[in-house]
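The structure appears below as structure tokens.
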Amino acid sequence: MEKIEVLLEALPYIKNFSGCTFVVKYGGAAMEEERLTKEFASDVVLLKYVGINPVIVHGGGPQIERMLKLLDIPTRFVDGLRVTDEQTLEIVEMVLSGSINKEIVQQIHNTGGQAIGLSGKDGRLIVAEKAKGRDIGFVGDVTEVNHRIIRDISDSGYIPVIAPLASGTDGKSYNVNADTAAGSIAKALGAEKLILLTDVAGVLDENLRTISVLKAKDAKKLVKSDTVKGGMIPKITCCLDALAGGVKKTHIIDGRVPHALLLEVFTDSGIGTQIAGE
Ligand code: ADP
Ligand code: MG
């Protein structure tokens, strides 16, 4: 009976979301721990088979760091920010586009789905300019998303898997923050949901409690008051930007939880933090 209840709870969601696009930022433990990678792939394949169009944008910071260390490539920091020089960018691209991207594609195939891996450079999917402010090398701000290729891939029955690299307006290549890339793509596609997987329970308040629903104006306050810091800032910023750009719902969820994606999409309670409009 329990199984039946679970399926019935999912039914209205399947009905509502069929035909919709969900952009998912994939990274952290969910991308590193073997069991979680398999579960993530099966979640994505299930979404696809119930008529949702999942679009995956992945990160890869820790894997890049490991490769730089292995190759003895020193890292320079400016104000605590990693500088992506030409040599580093080459490794970034190798790891993101060559290694991680294809692993995810393979995992989806192993789970019975079909995926196509591409980087933001393919079809000029993501166009960027050099990030403003401190010079940290080949790190870009997204200026344009040409989403047609994503639609074509999705409409052909494949799951697009995107590495966060971009074509520069200056003809060079840039690395863009994967959360920001996912947000920009969600906006361009008019996605129903933007879901960011990370290694914390969600957005935490000053008492380290997970906030389940966070209004835009309160989110801004949390950033201002320094309650939200570091890597959580681009997540919040891109969720707010996506909401302002027409994405219906944005979520920051705990990728360490088995089947986090299905729990968010198909249960009444959901998990993690939903960032809502106003
Ligand atoms: P990812 O690899 O998922 O992009 P990041 O390390 O870039 O992860 O960003 C998430 C991190 O942001 C968390 O692990 C946490 O250390 C940090 N963080 C800062 N402020 C908060 C907050 N208020 N709530 C949750 N996480 C926060
Ligand atoms: Mg991050």
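All figures in this text were calculated on a predicted structure; none of them were measured in a lab. Atoms within each ligand, like the ligands themselves, are counted from 1 in listed order.
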Original post:
Taking distance alone, with no angle check, do Asp199 and ligand 1 share an N/O pair under 3.5 Å?
Top reply: no
**OP:** Give the residue, atom name and distance (to 0.1 Å) of the protein heavy atom nearest atom 14 (O) of ligand 1.
**Re:** Val200 CG1, 3.7 Å
Subject >> Aromatic ring proximity, centroids under 6.0 angstrom, Tyr174 and Phe138 >> reply: yes
Subject >> Heavy-atom proximity to atom 4 (O) of ligand 1, best of Met232, Lys235, Arg209 >> reply: Lys235
Original post:
Which residue holds the protein heavy atom closest to atom 17 (C) of ligand 1, what is that atom called, and what is the gap in Å?
Top reply: Lys229 O, 4.0 Å
Original post:
Do any non-hydrogen protein atoms sit less than 4.0 Å from atom 1 (P) of ligand 1?
Top reply: yes
**OP:** Assess the side chains of Glu264 and His251: does a donor N or O sit below 3.5 Å from an acceptor N or O?
**Re:** yes
Subject >> Joint cluster assignment, Leu261 & Val161, ILVMFWY side-chain distance < 4.5 Å >> reply: yes
Original post:
Are there protein heavy-atom neighbours of atom 24 (N) of ligand 1 below 4.0 Å?
Top reply: yes
**OP:** Following the transitive rule for hydrophobic clusters with a side-chain heavy-atom cut-off under 4.5 Å over Ile, Leu, Val, Met, Phe, Trp and Tyr, establish whether Leu240 and Ile195 coincide in one cluster.
**Re:** no
Subject >> Sub-4.0 Å protein heavy atom near atom 6 (O) of ligand 1 >> reply: no
Original post:
Does any donor atom in the side chain of Gln107 or Thr37 lie under 3.5 Å from an acceptor atom in the other side chain?
Top reply: yes
Original post:
Hey, does Gly28 come in under 3.5 Å of ligand 1, counting only N/O atoms on both sides?
Top reply: no
Original post:
Relative to the heavy atoms of Lys25, which atoms of ligand 1 are at a distance of less than 4.0 Å?
Top reply: 4 (O)
**OP:** Could you tell me if the ring centre of Phe266 sits under 6.0 Å from that of Phe17?
**Re:** no
Subject >> For Gly202, atoms of ligand 1 separated by under 4.0 Å from a heavy atom >> reply: 24 (N), 25 (C)
Original post:
Does a side chain donor of either Lys193 or Thr250 reach within less than 3.5 Å of an acceptor in the other side chain?
Top reply: no
**OP:** State, without any angle test, whether Thr75 and Arg82 hold a side-chain donor-acceptor pair at a distance under 3.5 Å.
**Re:** yes
Subject >> Proximity of Leu222 to ligand 1 by residue part, where a heavy atom lies under 4.0 Å >> reply: neither
Original post:
Among Asp226, Ile211, Thr198, whose heavy atom sits nearest atom 3 (O) of ligand 1?
Top reply: Thr198
Subject >> For Asp179, the ligand 1 atoms whose distance to one of its heavy atoms is below 4.0 Å >> reply: 4 (O)
**OP:** Compute the minimum heavy-atom distance from Ala178 to ligand 1 and say whether it is under 4.0 Å.
**Re:** no
**OP:** Check for a donor-acceptor pair, side chain of Thr111 on one end and backbone N or O of Gly113 on the other, with a separation under 3.5 Å.
**Re:** no
